[in-house]
Amino acid sequence: QVQLVDSGGGSVQAGGSLRLSCAVYGYTYGAYCMGWFRQAPGKEREGVVALYTGGGTTDYADSVKGRFTISQDNSKTTYYLQMNSLKPEDTALYYCAAHQRTRPYCSTIAPVGNFRYWGQGTQVTVSS
């Protein structure tokens with residue numbers, strides 16, 4: 001059984017930075033997709049970034065390109081979302097997510113149902 005634990009949210013002023021973390025438990029073999037999603041009150045959940053560990057380009061939502069970066073530690077047990085130049089519109093509950101479907105299914109615009117495993121969510125609040 002795969003489990004994800006996300007953390008690192010908080011409150012920051014516009015222009016500031018935060019780094020979210022996601023600990024991944026239970027993977028045993030093969031490539032997988034790691035992603036971050038966010039959901040603001042009254043809005044649908046949207047993909048922020050998706051990374052396929054088997055190679056290929058990382059898919060970022062247009063709204064965060066150049067500001068957010070996904071990465072993985074050397075132990076491959078934790079991945080991160082570095083968020084710079086934060087804006088008030090980035091305020092949302094952020095979730096890490098993962099699945100083990102193949103590369104074409106690893107995308108921020110693919111159906112959210114592609115992601116089978118989810119963290120509990122961590123709140124990011126950006127004030128102006």
Side-chain angles (χ1 to χ4, degrees):
Q1 300 92 344
V2 174
Q3 286 188 309
L4 306 180
V5 180
D6 45 25
S7 61
S11 297
V12 64
Q13 293 186 5
S17 299
L18 286 172
R19 189 180 74 163
L20 307 183
S21 299
C22 182
V24 182
Y25 305 93
Y27 283 107
T28 58
Y29 66 92
Y32 51 94
C33 181
M34 303 181 296
W36 287 94
F37 290 76
R38 66 186 183 185
Q39 188 167 21
K43 297 183 178 180
E44 295 184 350
R45 188 170 299 184
E46 64 175 341
V48 176
V49 60
L51 170 66
Y52 187 64
T53 65
T57 59
T58 302
D59 182 38
Y60 291 92
D62 288 342
S63 60
V64 307
K65 286 181 179 177
R67 300 189 298 121
F68 291 10
T69 305
I70 190 170
S71 62
Q72 187 178 21
D73 68 2
N74 291 332
S75 68
K76 302 185 185 302
T77 59
T78 305
Y79 68 99
Y80 307 95
L81 182 66
Q82 178 67 44
M83 304 184 294
N84 298 326
S85 302
L86 284 163
K87 304 175 181 179
E89 51 263 43
D90 295 319
T91 296
L93 188 64
Y94 283 70
Y95 300 87
C96 65
H99 66 71
Q100 290 187 285
R101 302 191 73 177
T102 55
R103 171 65 180 85
Y105 296 92
C106 196
S107 170
T108 58
I109 62 173
V112 68
N114 286 347
F115 289 84
R116 182 175 181 180
Y117 309 105
W118 293 83
Q120 76 283 359
T122 183
Q123 179 68 38
V124 171
T125 302
V126 184
S127 62
S128 59

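Within the structure, the side-chain hydrogen bond (donor to acceptor under 3.5 Å, both in side chains) test picks out the following pairs touching residues 1-10 (sequence neighbours left out): Asp6-Gln120. The disulfide bond (SG atoms under 2.5 Å apart) contacts involving residues 99-128 comprise Cys33-Cys106, where partners must be two or more places apart or lie in separate chains.
By the criterion of side-chain heavy atoms lying less than 4.5 angstrom apart, applied directly or through intervening Ile, Leu, Val, Met, Phe, Trp or Tyr residues, Tyr60 is grouped together with Val124 in one hydrophobic cluster. Transitive grouping of hydrophobic side chains (ILVMFWY, heavy atoms separated by less than 4.5 Å) keeps Trp118 and Tyr32 in distinct clusters. Neither Leu86 nor Phe37 shares a network with the other; the hydrophobic side chains, linked directly or stepwise wherever heavy atoms of I, L, V, M, F, W or Y lie under 4.5 Å apart, form separate groups for each. There is a path of hydrophobic side-chain contacts, each under 4.5 Å, that joins Met34 to Met83. Residues Phe115 and Val2 are members of separate hydrophobic clusters, defined by side-chain heavy-atom contacts under 4.5 angstrom among Ile, Leu, Val, Met, Phe, Trp and Tyr.
Contact record, Tyr105 with Asn114: O-ND2, 3.4 Å, taken as the closest heavy-atom pair. Annotation for Thr78 and Ser21: closest pair CG2-CB, 4.4 Å, computed over non-hydrogen atoms. In terms of heavy-atom proximity, Ser128 sits nearest to Pro88 at CB-CG, 3.9 Å.
Residues meeting the side-chain contact (heavy atoms from CB on, under 4.5 Å) test with Val24, sequence neighbours left out: Leu4, Cys22, Tyr27, Tyr79. Lys65 meets the salt bridge (Lys or Arg N to Asp or Glu O under 4.0 Å) test with Asp62; sequence neighbours excluded. In this view, Tyr95 satisfies the ring-ring contact (aromatic ring centres under 6.0 Å, His included) rule with no residue, not counting sequence neighbours.
Other residues, nucleotides and ligands contribute more than 12 heavy atoms inside 6.0 Å of the OH atom of Tyr80.
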Scan the side chains in residues 44-51 for donor-acceptor partners under 3.5 Å anywhere in the protein, sequence neighbours excluded, and list what turns up.
unit_1	atom_1	unit_2	atom_2	d
Arg45	NE	Gln39	OE1	3.4
Arg45	NH2	Gln39	OE1	3.3
Glu46	OE2	Arg38	NE	2.8
Glu46	OE2	Arg38	NH2	3.4

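Within the 4.5 Å cutoff, the side chain of Gln82 has heavy atoms near those of the Ser17 side chain. The side-chain heavy atoms of Phe68 and Asp90, taken from C-beta on, include a pair separated by under 4.5 Å.
For Thr91 (side chain) and Val126 (main-chain N/O), a donor-acceptor pair under 3.5 Å exists by modelled atom type.
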